[in-house]
Amino acid sequence: MLVDFHTHSTASDGALSPGDLLARARAAGLGMLAITDHDTVAGHLDAAGELSGCNGNPQLIPGVEYSCRWSGITIHVVGLGMDCHHTAMQEALGVLDIARRERGATIARRLEALGYPGALEGAQAEAGESQLGRPHFSAWLVAQGHVRDHNEAFDKYLGQGKRGDVKAFWPELHQVVRWITAAGGVAVLAHPLKYRCTRMKLRRLAVAFRESGGLALEIISGRQTPDQTAALQRLARELGLEVSIGSDFHRDGPYSPQLGVELPRLEGLRGVWERWQAPSNLY
Ligand code: AMP
Ligand code: FE
Ligand code: FE
Ligand code: ZN
């Protein structure tokens with residue numbers, strides 16, 4: 001079965017509207033889908049509204065991808081299966097919405113200091129109704145002709161460790177895990193190989209995540225090698241974590257992963273999805 005527990009819509013920095021993402025998932029034959037936009041559940045709620053007339057195909061699992069801080073780096077935690085209207089979710093979404101706005105203003109000030117005035121208005125215009133993020137600053141830099149493409153924008157100004165990589169506003173890892181858990185959800189450590197950590201540091205991160213109440217490791221994120229998947233499976237097994245999988249789909253592109261991931265053979269590991277599968281599917 002194809003499933004996907006990590007995807008983005010226009011509610012954050014994805015290219016497809018929630019409805020189009022849902023239609024794409026249905027056409028591709030996905031059994032389960034979570035729309036996990038950056039720091040908003042607007043995408044999920046939109047799709048859930050559309051899905052109510054379609055026999056629940058695919059099965060839509062509430063989702064979000066929270067930004068947070070741990071040991072000086074930005075970490076992403078995917079929340080799955082929460083009650084989106086729970087007070088803990090309201091609190092989290094409120095805090096992160098303000099954090100994103102203040103961070104956006106700071107990124108803009110830094111870009112202005114680098115000689116690019118008008119960044120905030122420009123990025124906000126790129127974002128429209130979407131949750132403002134670095135990709136919108138990147139799109140503006142490209143549109144202004146300040147850089148050739150997104151890669152150059154991230155390499156020079158927005159990527160990890162660059163001037164526009166502003167982390168100070170994010171809540172701590174343990175806080176976002178607590179919000180997800182309090183709202184009845186499962187906290188998943190997203191794309192563990194994207195933080196450019198050493199193996200030792202990644203292990204420390206996974207331990208800290210588990211000690212905060214985190215439940216699962218994302219062992220497949222988009223395109224990766226079988227060796228990478230095997231290493232993440234070993235880490236999950238060693239730490240007693242469940243596993244999740246997703247494409248982290250944002251848009252179509254020659255190097256971008258497509259929607260949908262084949263359920264892997266788990267050999268002793270537990271998939272987060274097992275708790276949402278209908279009992280008849282379990283046997
Ligand atoms: P933000 O949530 O504002 O921190 O932006 C993070 C998003 O920026 C990620 O989810 C990606 O969609 C995008 N992103 C991060 N790094 C890069 C990169 N090096 N090149 C292109 N897009 C990136
Ligand atoms: Fe993104
Ligand atoms: Fe992410
Ligand atoms: Zn993502």
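Both counts, for ligands and for their atoms, begin at 1 and track the order of listing.
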Atom CD of Glu262: over 12 foreign heavy atoms under 6.0 Å: yes

With sequence neighbours excluded, residues passing side-chain contact (heavy atoms from CB on, under 4.5 Å) with Ala92: Tyr66, Trp179

Heavy-atom side-chain contact between Ile107 and His136 under 4.5 Å: no

Where ligand 1 meets His250 - atom numbers and elements under 4.0 angstrom, heavy-atom basis: 10 (O), 12 (O)

Shell of protein N/O/S atoms around the Fe ion (ligand 3), taken as anything under 2.8 Å: Glu65 OE2, His76 ND1, His191 NE2

Numbered atoms and elements of ligand 1 in range of Arg100, under 4.0 angstrom, heavy atoms: 1 (P), 2 (O), 3 (O)

Element-labelled atoms of ligand 1 that are located less than 4.0 Å from some non-hydrogen atom of Arg103: 1 (P), 3 (O), 4 (O)

Approximate separation, where rounding is to 0.5 Å, of Leu22 CG and Leu259 CG: 10.0 Å

4.0 Å heavy-atom contact, Gly159 with ligand 1: no

Carboxylate-amine/guanidinium contact Lys162 Asp155, below 4.0 Å: no

Per-atom contacts of ligand 1 with Gly133, taking only distances under 4.0 Å to non-hydrogen atoms: 3 (O)

Nearest-contact summary for atom 8 (O) of ligand 1 - protein heavy atom, Å: Pro135 CG, 3.3 Å

Closest protein heavy atom to atom 22 (N) of ligand 1, given as residue, atom name and distance to 0.1 Å: Phe154 CE1, 3.4 Å

For Val78, the option from Thr36, Ile180, Leu189 that meets side-chain contact (heavy atoms from CB on, under 4.5 Å): Thr36

Donor-acceptor contact present, side-chain Ser138 to main-chain Arg134, <3.5 Å: no

Derivation of the side chain to side chain contact (heavy atoms under 4.5 Å, CB included) call for His250 and Asp13: CA-CA 7 Å; His250 282 75; Asp13 57 354; 3.1 Å; yes

Check against ring pair (Phe, Tyr, Trp, His ring centres under 6.0 Å), Tyr157 and Tyr116: CA-CA 11 Å; Tyr157 304 120; Tyr116 304 127; 5.5 Å; yes

Atoms of ligand 1, numbered as shown, that sit under 4.0 Å from any heavy atom of Arg134: 1 (P), 3 (O), 4 (O), 5 (O), 6 (C)

Contacting atoms of ligand 1, where contact means under 4.0 angstrom from a heavy atom of Asp13: 7 (C), 9 (C), 10 (O), 11 (C), 12 (O)

Geometric class of the Trp276/Phe5 ring pair [parallel <30°, tilted 30-60°, perpendicular >60°]: tilted

Spacing of Arg204 atom CZ and Thr198 atom OG1 [to the nearest 0.5 Å]: 7.5 Å

Step-by-step side chain to side chain contact (heavy atoms under 4.5 Å, CB included) determination, Glu172 to Cys68: CA-CA 5 Å; Glu172 287 288 335; Cys68 61; over 6 Å; no

Nitrogen or oxygen atoms of His38 and ligand 1 under 3.5 Å apart: yes

Sub-2.8 Å protein N, O or S atoms surrounding the Zn ion (ligand 4): His6 NE2, His8 NE2, Glu65 OE1, Asp248 OD1

Arg275/Glu242 under salt bridge (Lys or Arg N to Asp or Glu O under 4.0 Å): CA gap, chis, key distance, verdict: CA-CA 11 Å; Arg275 57 173 57 62; Glu242 295 186 28; 2.9 Å; yes

Residues in side-chain contact (heavy atoms from CB on, under 4.5 Å) contact with Glu121, at least two apart in sequence or another chain: none

